[in-house]
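All of these numbers come straight from a predicted model, not from anything done at the bench. In what follows, chains are A, B, ... by sequence order, proteins preceding strands, each numbered from 1.
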2 protein chains.
Amino acid sequence: MNLLSIGQVAKAVGISVETVRFYEKQGLLLAPMRSESGYRQYKPDTLKQLRFIQRAKKVGFTLNEIKELLSLRKIPNSNCTNLKQRALKKIGEIDAKLNDLNRIRDSLSQLSRRCNSEENIVDCPILEYLDDDKRNEKDESRTHL
Amino acid sequence: MNLLSIGQVAKAVGISVETVRFYEKQGLLLAPMRSESGYRQYKPDTLKQLRFIQRAKKVGFTLNEIKELLSLRKIPNSNCTNLKQRALKKIGEIDAKLNDLNRIRDSLSQLSRRCNSEENIVDCPILEYLDDDKRNEKDESRTHL
DNA sequence: TTAGACCCTATAGTGTACTTCAGGGTCAAG
DNA sequence: CTTGACCCTGAAGTACACTATAGGGTCTAA
Ligand SMILES: [Zn+2]
Ligand SMILES: [Zn+2]
Ligand SMILES: [Zn+2]
Ligand SMILES: [Zn+2]
C-alpha cells in the first residue's frame, strides 16, 4: 500500500507537519486513515493535492478559493452542467490573473529593456517610469505605472 | 494642476481612504504634497501606481514584494547593471507564477473538457480527478492532482 | 529499557493587510 | 453660522494563514 506519515508528506512538499494538520482542519485535505496508534497515513496522491494547493497559493488564491477549486473534483449537488459551469467560471478568474501577471511582466521587461546595462546611472532612461500601458489603451492619461 | 483628494483617489481605484493612508505608511506610496489645511493632494499618476499595486496583490505578491517591484523605478545605490539584474530577477519570479497559473488552468480546463455538459451525473467521467500532469512528467505516480 | 525521533490534541501566539474607532479639524452649501 | 461631507492622527481591533507551546503517546535502535 505504501502509505506516508505526516512527516514524510510534509518533507516531500516542503511544508511543516503543523501546516498539513491545519489544512486538514480547514477542509483542504480530507482526514486520512489512521494507524492503530492513531497516526495519520497518507496515500501518495496527497502529495499532488498539496502541491496543487501550493501552486494556487503562490498565485494569490486564498485557502477558501483553493477549497472551491478542489471541490470541482467532488460530486456536486447538481449535475455535470453545473460542474462544468463552475469550472469555466474559475478558468475565467485564472485568465484575469494571467492578464494581470502579463501586464506586470510587460512593465518590468520594458523597464529592463530600456536600461542599457553598459551605461552609467546618470544616463539611465528608466528611472522614473514603470509603464502599464499596452493594454486598456482607451484610458485617460496612461503614461506611467 | 488638477490634484486629487484622498477620497477621489480611493473611489477611482475602488479602495478605502484608510487603505491609501496605510499604503503611504508602509512605503508603497510616496507621501503626497499637502494643502494649506494639511489635506493630501495627489497627482493623477497615483491612480496608476495604485492600480499596479492592486494587480500585483491579485497575483499573490505581498506588499513588501510590491514595494520591491516599485523600487525598480527609483535610483538604486548602484548602477544600471544592478537595476537591470533586479528587474530580470523579478521577471523570473513572474514567469514562475505564470507557469503555476497555467498548470492550474490546464487542470481545470481538462476537467471541464472531460465533462460532457449533456450527460447526467452518474456517467460523469471527471468526478475524482484534477490532473496536474502534462508538466514534470518524470515524477513518480503522477495521475491525480 | 531507555533515549531520541516521531506522532497526537488543544490552545495560544504571530505576521500581514487591512478596518474601525476616538477625537478631532476643514469647507462648501444653505 | 451651522450642518454635513470630507479630511487629519494615532491606536485598537480583525481576518487569514500559519507557527509555537504544552502536555502528552509511539516506535525503533542501542
Ligand atoms: Zn539604465
Ligand atoms: Zn461530467
Ligand atoms: Zn470623530
Ligand atoms: Zn512535549
Side-chain angles (χ1 to χ4, degrees), chain A residues 1-43 46-47 49-70 97 100, chain B residues 1-43 46-47 49-71 93 97 100:
Chain A
M1 263 269 179
N2 207 339
L3 299 173
L4 303 161
S5 72
I6 193 168
Q8 291 174 312
V9 165
K11 193 171 173 202
V13 305
I15 61 182
S16 72
V17 297
E18 289 80 15
T19 301
V20 178
R21 285 194 281 251
F22 174 72
Y23 287 163
E24 180 181 326
K25 202 154 46 183
Q26 299 305 117
L28 276 90
L29 239 38
L30 243 75
M33 36 189 146
R34 299 293 182 112
S35 70
E36 295 230 334
S37 52
Y39 286 20
R40 288 172 180 79
Q41 298 190 293
Y42 294 96
K43 288 179 287 181
T46 308
L47 301 182
Q49 183 152 349
L50 280 169
R51 290 197 258 256
F52 180 88
I53 292 170
Q54 300 218 94
R55 278 194 296 279
K57 265 175 48 62
K58 228 169 84 180
V59 296
F61 286 105
T62 65
L63 294 191
N64 267 330
E65 288 170 334
I66 296 169
K67 206 156 70 173
E68 283 176 26
L69 291 174
L70 290 169
K97 276 180 195 289
D100 285 335
Chain B
M1 264 270 179
N2 206 341
L3 298 173
L4 303 161
S5 72
I6 193 168
Q8 291 174 312
V9 165
K11 194 172 173 201
V13 305
I15 60 181
S16 73
V17 298
E18 289 80 15
T19 302
V20 178
R21 284 194 281 251
F22 174 73
Y23 286 163
E24 180 182 327
K25 201 155 45 184
Q26 299 303 119
L28 277 90
L29 239 37
L30 244 74
M33 32 190 148
R34 298 293 183 112
S35 71
E36 296 229 334
S37 51
Y39 285 21
R40 288 172 179 80
Q41 298 191 293
Y42 294 95
K43 288 180 285 180
T46 308
L47 301 182
Q49 183 153 350
L50 280 169
R51 289 198 260 256
F52 180 88
I53 293 170
Q54 301 219 94
R55 277 195 296 280
K57 265 175 49 62
K58 231 170 83 181
V59 297
F61 285 106
T62 65
L63 294 192
N64 266 331
E65 288 169 335
I66 296 170
K67 205 155 71 174
E68 284 176 25
L69 291 174
L70 290 170
S71 80
E93 289 167 23
K97 275 180 196 289
D100 285 335

Enter the distance from [X]:[atom1] to [Y]:[atom2] here, rounded to the nearest 0.5 Å.
X       : Y       : atom1 : atom2 : value
A:Leu4  : A:Arg40 : CG    : CZ    : 14.0 Å
B:Leu29 : B:Thr19 : CG    : OG1   : 11.0 Å
B:Ile6  : B:Arg21 : CD1   : CZ    : 4.5 Å

Taking only N and O in the side chain of [X], is any of them less than 4.0 Å away from OP1 or OP2 of [N]?
X       : N      : answer
B:Arg34 : D:dT9  : yes
A:Arg40 : D:dT26 : no
B:Ser37 : C:dC27 : yes

With sequence neighbours excluded, tell me which residues meet side chain to side chain donor-acceptor pair (under 3.5 Å) with B:Lys97.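 If we apply the side chain to side chain donor-acceptor pair (under 3.5 Å) test to B:Lys97, skipping adjacent residues, there are no hits.
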
Nucleotide nearest A:Val17 (side chain, heavy atoms from C-beta), chosen from D:dC8, C:dC7, C:dT26: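 That would be C:dC7.
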
To the nearest Å, give me how far apart [atom1] ([X]) and [atom2] ([N]) are.
X       : N      : atom1 : atom2 : value
A:Lys11 : C:dA5  : NZ    : P     : 13 Å
A:Arg21 : C:dC6  : CZ    : P     : 13 Å
B:Glu36 : D:dC8  : CD    : C1'   : 16 Å
B:Leu4  : D:dC7  : CG    : C1'   : 15 Å
B:Gln54 : C:dA17 : CD    : C1'   : 13 Å
B:Tyr39 : D:dC7  : OH    : C1'   : 4 Å

Whether A:Lys57 side chain and A:Ile66 backbone form a donor-acceptor pair below 3.5 Å: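 Not at all, since once roles are kept as given, no pair shorter than 3.5 Å links the two residues.
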
Do you know which two heavy atoms are closest between A:Val13 and A:Gln54, and how far apart they sit?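 In this case the closest contact between A:Val13 and A:Gln54 is O-NE2, 2.9 Å.
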
List the protein contact pattern of nucleotides 12-20 of chain D with one symbol per nucleotide (5' to 3'): B for base contact, S for sugar-phosphate-only contact, - for none; contact means a heavy-atom distance under 4.0 Å. -----BBS-

What residues, two or more places apart in sequence or in another chain, satisfy salt bridge (Lys or Arg N to Asp or Glu O under 4.0 Å) together with B:Glu93?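 Here the qualifying residues are B:Lys89, B:Lys90.
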
Heavy atoms only, 4.0 Å cut-off, all strands: where does A:Ser5 land among base, sugar-phosphate and nothing?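 Since only primed, P, OP1 and OP2 atoms lie under 4.0 Å of A:Ser5, the category is sugar-phosphate.
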
